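Step one of this worksheet: look at the structure below.
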Amino acid sequence: MGYEPQADFGTPLVVSDTTISLTIDGRAVTVPAGTSVMRAASEAGGSIPRLCASDNLAAFGSCRLCLVEIEGMRGTPASCTTPVAEGMAVKTQTPRLQKLRKGVMELYISDHPLDCLTCSANNDCELQDQAAAVGLRDVRYGYAGANHLGSSLDASNPYFDFDPSKCIACSRCVRACDEVQGTFALTIEGRGFASKVSAGLASDNFLGSECVSCGACVQACPTATLQEKAVKEIGKPERAVVTTCAYCGVGCTFRAEMRGEQVVRMVPWKDGKANRGHSCVKGRFAWGYAQHQERVLSPMIRSSIDEPWREVSWDEALSHTASELKRISARYGRNALGGITSSRCTNEETFLVQKLVRAGFGNNNVDTCARVCHSPTGYGLKTTFGTSAGTQDFDSVMDADVMLVIGANPTDGHPVFASRMKRRLRQGAKLIVIDPRRIDLVKSPHIEAAYHLPLRPGTNVAVLSAMAHVIVTECLADEAFIRERCDWDEYAHWAEFVGQDRNSPEALEPVTGVPAADLRAAARLFATGGNGAIYYGLGVTEHSQGSSTVMAIANLAMATGNIGRRGVGVNPLRGQNNVQGACDMGSFPHELSGYRHVSDPDARALFEAAWGVPIDPEPGLRIPNMLDAATDGTFKAIYIQGEDILQSDPDTKHVSAGLAAMECVIVHDLFLNETASYAHVFLPGSTFLEKNGTFTNAERRIQPVRKVMEPLNGYEDWEVTQELARAMGLDWNYAHPSEIMDEIARLTPSFAGVNFARLASQGSLQWPVNEAAPDGSPIMHIDGFVRGKGKFVVTDYVPTDERTGPRFPLLLTTGRILSQYNVGAQTRRTANVVWHEEDLLEIHPSDAENRGLKSGDWVRLASRSGETTLRATVTDRVAPGVVYTTFHHPATQANVVTTEFSDWATNCPEYKVTAVQITPSNGPSEWQEGYEALSTRSRRIADPVPAE
Amino acid sequence: MSVGTPERLAYMANQIATNLALTNDPVAATAEHIHSFWTPAMQRTLASEALDRLGPVARAAMIQLDADAG
Ligand code: SF4
Ligand code: SF4
Ligand code: SF4
Ligand code: FES
């Protein structure tokens, strides 16, 4: 499509059952009650001049440009703040209005630099458009009076500039920051002419302020005051393509605004149902890694990891890889091969990788990075509800009365959804946070959690049992719901268990560290406060009882009747963009797509008929078991698409030993990642900007990913997998990812109604999409659970075997921060590093003092697995006895210290609890030094051999 | 810290049994879990090399699995 800015109706959409009819300039219009006159005019195809209004912000009524005349009403009311009324007759164009608007406009323009021709916003500026719309040709006040033209540019933010000389003080930026983002970083200082936008306090520039660089203000600004640097550098966009963010599980959709093959900017798509026109710093700004100089564009091979890489043609790389795989299969048996799918790749790409393993390698040795994040969600929700997915859409939060956030840090991990949560909280919903750390949501502008239960890491199940105890023993359970929707005997068994004295908040307080009175109050609030919605993240799953915690959460939701309607539910906040999709696509070693166990003969028969090969009825190896088998000499080759298991998986030494024992490690990625240090084949990958396909976000929403530029490496990732399959002798002939999706739909009941044409026309679809739900399913389990009756599962608290003691007296827990993503391979290669140059260790002041530490000091972080060094930051966000760090930087290798303990049901690693000791240090650990040397050596690329 | 595969498998099996201890039939539940999620090779390794490291429930589960297979 050519370049058209997104439509703006002036004021937000109103939903109402009542409609109102009126006339605007003689034209009859019918709109929902509560709609503004401005929006009614826009919907009728007209347009009223305006500057301070935008349809993602509440009407403000400050610019006075949108005046109208209304029959029978005196004066000229502002159309943005005037609601429609039955029978109203509005005039938007009269000589009087024209004169008034021209006068208003003149005042704005007289204080505005008239450098339109050289301004980067030329032809994309609302001030310019509106001046033209009101017919302003000349300014009576002259341009010589007082103005702001001397104000200096704030270029501190790496992605956008603030040029106050162009500001018209419409306050759209301030309102966007408040209403849309919820950060309250901007203010209008001063009054009248002296008013100006300010980003804050001490430093008074954007970078030093509270600003989180979401870009909402930039999008809202009608002038070039707040503008992307890229627009200045590259120029105005010429076309726009709608696609989906490749970072987190919120799944924001964007218009990639392009000039030629270059992305000028990513602008959140207003029609995107996951993000509703908003985004965070990663999706909006951090896409520069696609063109980073370290991206590897040629395939490379080597026979041993001690040798330098040798660049080869795609043909040579693929035939070499295929022959290695065949050799290994012939020598060690088919079970010596396996693959890992990626939550960063599309559904179609993921489906092909598991198909290659199942149909090509002939086994079920396929796993995915969800193993290390949300595999317990799969197990827990499948067991209790019957399907492995969150129950709600994101919009549902706007009907929640009480939010229970456990083990999640939405403002950092899922920022756009966090903004929705904050909006609802500002409207009065209550918040309970269960987290060892005082996450930002606990207290931020205009928001304060009713209860923060700072539990000891590893005691989630105990806290949830105690909450259930209160609900059951104080008769707060929703018996009617349980009788109708759940198995009553199972409930009774569970209620008897949680009702035991040993599960009371008082009995468990010594274990959890949570004051019993707070816990009781929180449980009562959740059970009695109206619609209760539970949101959880990796702080729930990444524990030795991760699956139990997910089931305990499901129990709590069922016991309080909080399932099956808007405003309630159990909602896993997924880490990576396509975790949901990767799991749906059959990436687990025991499941075919759509969560059907490989032992299910009917499911297997479907695949066998379609693929013409037998499907192994026995489950395959999970990632940690693959590594064990490699060390034992029975697992020899692995195809890893878009994952960096050496950095992201626990117990780095175990991972490196496993990889080092394999004969053929194939890494298919954008960069020579850490895992590639142990690889024999490197296949260059493509970014989300260079491919077609779909991602599925945390609300089961399948959304299109569209190619906006040709892949720099030559091929989309699905094409590479297809070529590898063909080199191995498989007859694959997909011409486009839509054909892969057609196959997925044929083989997967919950995707039966999904195809690219429908996705294009509807924007997105939430599975299940089938005969019963042709337009998808925003909310699940409405009339009954997928499994029939909801299942209560007794979840007894079993302490982790990871214990503190004299040698390792502190508990380490890990997490992520807003500006960085996962192992950081992408975000570290963008300007986002200005917000996070290194991983820091958070330590409580009392623990720091005992060790003579202050912020900025280098510390040695040691566990029984290993040790690393990093710098400390002293803060009371963490409780005494608890330390915290992120894992975004390879130099830190936080996973050197995490242990091999894992969830009992799924082997999801226990990242969130490691017993450690912190001591002062003055340099990198031995491991870091050794690793640095290895990683430099293993990244060598040989000079091309001159042709003979 | 790394342990050998049999020890690791025994640890996993015991952990499963502990977490399923309050189900109606912990032995059957443990056996069913292992059967659903472990490869036959993993089951064989555990049965042949580390049975002595198992607690009573996990051991009974492994014996049941062996009987089912046989
Ligand atoms: S970028 Fe976002 S957080 Fe920063 S000032 Fe603008 S709206 Fe506020
Ligand atoms: S910076 Fe832009 S949005 Fe903010 S007040 Fe000035 S002109 Fe309006
Ligand atoms: S990272 Fe997540 S929240 Fe940020 S833009 Fe992308 S999908 Fe949206
Ligand atoms: S647009 Fe209505 S007052 Fe500014």
Side-chain angles (χ1 to χ4, degrees), chain A residues 333 335 363-365 375 379 461 489-490 493-494 497 544-545 547-548 551 588-591 597-599 616-622 624-632 634-635 651 653-655 657-658 793-798 800-801 863-866 899-907, chain B:
Chain A
N335 289 328
N363 62 48
N364 286 312
N365 291 337
S375 50
Y379 179 87
V461 171
D489 290 342
E490 281 166 354
H493 180 53
W494 173 80
F497 165 74
S544 63
Q545 280 200 296
S547 293
S548 306
M551 294 190 288
F588 286 131
H590 64 283
E591 270 169 355
H597 201 277
V598 291
S599 63
D616 191 337
E618 299 286 354
L621 293 163
R622 297 168 173 176
N625 310 128
M626 289 180 196
L627 296 164
D628 279 342
T631 319
D632 295 345
T634 57
F635 187 83
D651 198 359
K653 290 178 185 170
H654 175 234
V655 180
V793 177
V794 172
T795 56
D796 196 9
Y797 168 62
V798 179
T800 169
D801 287 330
S863 74
R864 61 189 168 75
S865 285
T899 70
E900 76 291 0
F901 287 136
S902 65
D903 173 45
W904 67 270
T906 67
N907 289 129
Chain B
M1 187 192 97
S2 276
V3 294
T5 305
E7 292 83 349
R8 196 191 277 263
L9 293 173
Y11 181 86
M12 283 164 57
N14 284 329
Q15 199 188 359
I16 293 164
T18 309
N19 276 278
L20 294 172
L22 296 186
T23 49
N24 283 339
D25 183 347
V27 172
T30 304
E32 165 65 25
H33 190 95
I34 290 175
H35 180 67
S36 297
F37 296 106
W38 288 26
T39 66
M42 286 162 68
Q43 297 177 42
R44 277 195 305 272
T45 306
L46 176 58
S48 60
E49 294 179 46
L51 222 44
D52 58 332
R53 290 173 173 267
L54 296 181
V57 174
R59 187 180 322 196
M62 290 312 293
I63 291 167
Q64 184 178 323
L65 278 175
D66 191 43
D68 291 349

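Below, read A as the first sequence line, B as the second, and so on, with proteins coming before strands; counting in each chain starts at 1. Quick caveat, the model's predicted, so the values are computed rather than measured.
- Heavy atoms closer than 4.5 Å to chain B are found nowhere in A:Ser599, neither backbone nor side chain.
- Annotation: residues 35-45 of chain B contacts chain A through B:His35, B:Ser36, B:Phe37, B:Trp38, B:Thr39, B:Pro40, B:Met42 [non-hydrogen atoms, separation under 4.5 Å].
- With a 4.5 angstrom heavy-atom cutoff, A:Phe588 does not touch chain B via any of its atoms.
- Partners of A:Thr906 by side chain to side chain donor-acceptor pair (under 3.5 Å), not counting sequence neighbours, listed by chain and number: A:Ser375, A:Asp903.
- When heavy atoms are compared at a cutoff of 4.5 Å, A:Glu591 does not approach chain B at all.
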### Step-by-step side-chain contact (heavy atoms from CB on, under 4.5 Å) determination, A:Asp628 to A:Asn625
CA-CA 5 Å; A:Asp628 279 342; A:Asn625 310 128; 4.3 Å; yes
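- Listed by chain and residue number, A:His590 satisfy the ring pair (Phe, Tyr, Trp, His ring centres under 6.0 Å) test with A:His597 (two or more places apart in sequence, or in another chain).
- Distance alone, capped at 3.5 Å, places no donor-acceptor pair between the A:Asn335 side chain and the A:Asn363 backbone.
- Considering every non-hydrogen atom in both A:Pro589 and A:Arg622, the closest pair reads CG-CG, 3.9 Å.
- Contacts with chain B were tallied for A:Thr631, A:Thr634, A:Asp801; A:Asp801 has the most, counting heavy-atom pairs under 4.5 Å.
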Next on the checklist: Using the rule given for side-chain contact (heavy atoms from CB on, under 4.5 Å), can you reason through B:Thr18 versus A:Trp904, listing the C-alpha separation, both sets of side-chain angles and the distance that settles it, and then say yes or no?
Outcome noted: CA-CA 9 Å; B:Thr18 309; A:Trp904 67 270; over 6 Å; no
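- A salt bridge links A:Glu900 with A:Arg864: at least one charged nitrogen is closer than 4.0 Å to a carboxylate oxygen.
- Residues of residues 48-61 of chain B lying under 4.5 angstrom from chain A, judged on non-hydrogen atoms, do not exist.
- Listed for the B:Asn19 side chain is a donor-acceptor partner under 3.5 Å among the backbone atoms of B:Gln15.
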